[in-house]
Amino acid sequence: MEFESGAIPLADLDGPFDLQATLESGQSYLWDRADGRMYESMDVHGGDAWYETVVPPIAGVSDDRVVVRVRQTDGRLEWEATADAVPILTHLLRLDDDLTAILDATPDDPLLERAYDAYEGMRLVRDPPFACLVSFICSAQMRVSRIHGMQMRLAREYGDAVTVAGETYRAFPTPDQLAARTESELRDQSLGYRAPYVRRTAEMVADGEAHPTEALELPYEEARESLKRFVGVGDKVADCVLLFSLGFLEAVPLDTWIQTAIADHYPECDAGTYAETSRAIRDRLGGDYAGYAQTYVFYYLRAGGE
DNA sequence: CGCCAGGCTAGCG
DNA sequence: CGCTAGCATGGC
């Protein structure tokens, strides 16, 4: 198999774009940097590194598995892929979002202003649902770089190999492929106590008992409850899947960094329970696009901002 | 060595 | 309901 190639002029987008900030901000753990320097430079933007991933079929976008490589350079998004990557990248990197309009709809707020300014052009992602679900089950009490390493390892150990232009890429394992592993095998891949969560969740999807995309039909808070059926998925992980895969841009994952931000900047939003605090901070961060604000704040604080 | 990392589950009151 | 002990692993 060989690559075809092309480029997307970034001037065509509504608003700015930053590939490095988008892929290294801890939203998606499914891309890898070809130079092996993922997460080594959170403070540097506009790098021109190549990123690569194997994309499963996406309903309404692409029928086949596609290997995609992409880099940002000279105001363009250059790509190499085993099919036309334009619709795929548009989907995965939310190139169809009007970031200017989203910024305009964001409330005036010192912290948000600093965060949006620091990582101008960062977009949310639309990860494939099953892989996103597994990624964030693995994310519990884990550093960003290790979450990424775990997903790369799962792909290397259990995913299908796809060879293109002499290089071998590994697809993220399917639900069947993960459900076929034992808990102890997954523990051996350094999943720790998350191993049974991943296995049982994969089994639920493989058996048709539940699928993460069922949440798409539901209003936001019911969608969150729907995802919590999966083992290893609580409120926070459910919000991550809703935001980074299923397009619920109002979802605000209440992780440790946002809890800190609430304590330091929005103490009136601490309403006790997750659900109530979630509503309060969602309103405070602008409602419909509150998840965008959350992700900027997360990255900004984690990189050392205040 | 101790502490912490994009939390969750099970079991208690 | 709300609350919390226990949970794996690796980097600093």
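Order of the sequence lines sets the chain letters (A, B, ...), proteins ahead of strands, with each chain counted from 1.
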Among residues 230-240 of chain A, which residues get a heavy atom nearer than 4.0 Å to DNA chain B? Phe230(A), Val231(A), Gly232(A), Val233(A), Gly234(A), Asp235(A), Lys236(A), Val237(A)

Contacts of Asp235(A) that satisfy salt bridge (Lys or Arg N to Asp or Glu O under 4.0 Å) - sequence neighbours left out: Arg224(A), Lys228(A)

Tell me, please, which residues at least two apart from Tyr29(A) pass ring-ring contact (aromatic ring centres under 6.0 Å, His included). Phe136(A)

Besides Val54(A), the hydrophobic cluster formed by Ile, Leu, Val, Met, Phe, Trp and Tyr side chains linked at under 4.5 Å, directly or via other members, contains Met1(A), Phe3(A), Val67(A), Val162(A), Val164(A), Tyr169(A)

What is the distance, rounded to the nearest whole Å, between atom CH2 of Trp257(A) and atom P of dC4(B)? 13 Å

Does the Arg229(A) side chain pair with the main chain of Ser226(A), one donor and one acceptor, at a distance under 3.5 Å? yes

5'-most contact on DNA chain B: Lys228(A) or Ile147(A), nearest heavy atom basis? Ile147(A)

According to salt bridge (Lys or Arg N to Asp or Glu O under 4.0 Å), does anything in residues 294-306 of chain A pair up with another residue at least two apart or in another chain? List the pairs. none

Could you tell me how far dA5(B) sits from dC3(C) if I compare only their C1' atoms? Round to whole Å. 22 Å

Using only atom types and a distance under 3.5 Å, with no angle test, would you say the side chain of Thr82(A) pairs donor to acceptor with the backbone of Val66(A)? no

For Tyr220(A) and Phe248(A), take the angle between the two ring planes, folded into 0 to 90°, and tell me which bin it lands in: parallel under 30, tilted 30 to 60, perpendicular over 60. tilted

Heavy-atom side-chain proximity of Cys138(A) to Val198(A) below 4.5 angstrom: yes

Under 3.5 Å, which protein N or O atoms sit close to an N or O of nucleotides 10-13 of chain B? Give each pair with its distance.
none

Residue set satisfying side-chain hydrogen bond (donor to acceptor under 3.5 Å, both in side chains) with Arg94(A), at least two apart, ordered chain then number -> Asp97(A)

Name every residue in residues 261-278 of chain A that has at least one heavy atom under 4.0 Å from any atom of DNA chain B, in order of residue number, or write none if there are no such residues. none

Base, sugar-phosphate or nothing for Gln259(A)? Non-hydrogen atoms, less than 4.0 Å. nothing

Could you state the CZ-P distance from Phe136(A) to dA5(B), rounded to the nearest angstrom? 17 Å

Where protein sits on nucleotides 7-12 of chain C, one letter per nucleotide: B base, S sugar-phosphate only, - none, heavy atoms under 4.0 Å: BBBB--

Go through the side-chain N and O atoms of Asp14(A) and Thr100(A) and say whether any donor and acceptor fall under 3.5 Å apart. no

Summary of salt bridge (Lys or Arg N to Asp or Glu O under 4.0 Å) pairs that have at least one residue in residues 141-169 of chain A, sequence neighbours excluded: Arg65(A)-Asp160(A)

Connected-component partners of Leu218(A) among ILVMFWY, side-chain separation under 4.5 Å: none

If I take atom CE in residue Met150(A) and atom P in nucleotide dG7(B), what distance separates them, rounded to the nearest angstrom? 12 Å

Taking only residues at least two apart or on different chains, which pairs with a member in residues 193-206 of chain A satisfy side chain to side chain donor-acceptor pair (under 3.5 Å)? Arg199(A)-Glu203(A)

